[in-house]
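Computed from a prediction, not measured in an experiment: that's the story for all the values here.
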Amino acid sequence: MTSSQHVYEVRPLKDHRGVNLISDALPFGRLWYVERNAIGNAVGYAKFFSRSHDAVIRVYDEAGNVIETHEQAGEFKEW
């Protein structure tokens, strides 16, 4: 992992009504999503927020197992 790589975790809420998007790259540390497509919206936000950085987005199930991994190469590179 490089210093310009963002790492995100999408974890289900304890009440099973949505997910948390967790990362040190986020201004407040975490966001929560409770709509029908909560996982897709959280992954989409992480990809958009990290468009200038390499990113790894891991989606976890209730047991703490990784069920999906998304990797994105940043669109902007240094000169």
Inset, instruction - Name all residues meeting the side chain to side chain contact (heavy atoms under 4.5 Å, CB included) criterion together with D24; count only those two or more places apart in sequence or in a different chain, and write none if there are none. - result: none
Inset, instruction - Answer yes or no: is there a donor N or O on one side and an acceptor on the other, between the side chain of N20 and the main chain of I22, under 3.5 Å? - result: no
Legend entry - By side-chain hydrogen bond (donor to acceptor under 3.5 Å, both in side chains) - contacts of E68 (at least two apart): H70
Inset, instruction - Provide the closest heavy-atom pair for R51 versus Q72 in the form atom of the first, atom of the second, distance. - result: CA-NE2, 3.5 Å
Legend entry - With Y60 via ring-ring contact (aromatic ring centres under 6.0 Å, His included) - residues at least two apart: none
Inset, instruction - Mind jotting down which residue pairs meet the salt bridge (Lys or Arg N to Asp or Glu O under 4.0 Å) criterion with at least one end in residues 11-21? Sequence neighbours excluded, please. - result: E9-R11
Inset, instruction - Evaluate the side-chain proximity of D54 to E71: yes if any heavy-atom separation is below 4.5 Å, no if none is. - result: no
Considering only distance and modelled atom types, tabulate donor-acceptor pairs under 3.5 Å from the side chains of residues 26-42, sequence neighbours left out.
{"unit_1": "E35", "atom_1": "OE2", "unit_2": "N41", "atom_2": "ND2", "d": "2.9"}
{"unit_1": "N37", "atom_1": "OD1", "unit_2": "G40", "atom_2": "N", "d": "3.4"}
{"unit_1": "N41", "atom_1": "ND2", "unit_2": "N37", "atom_2": "O", "d": "3.3"}

Legend entry - Test side-chain hydrogen bond (donor to acceptor under 3.5 Å, both in side chains) applied to S23 - qualifying residues, sequence neighbours left out: none
Inset, instruction - Please determine which of V10, V43, I67, V7 meets the side-chain contact (heavy atoms from CB on, under 4.5 Å) test together with R58. - result: V7
Inset, instruction - Answer yes if F49 and L21 sit in the same cluster of Ile, Leu, Val, Met, Phe, Trp and Tyr residues linked by side chain heavy atoms under 4.5 Å apart, and no otherwise. - result: yes
Inset, instruction - Measure the acute angle between the ring planes of H6 and Y8, then classify it against the limits of 30° and 60° as parallel, tilted or perpendicular. - result: perpendicular
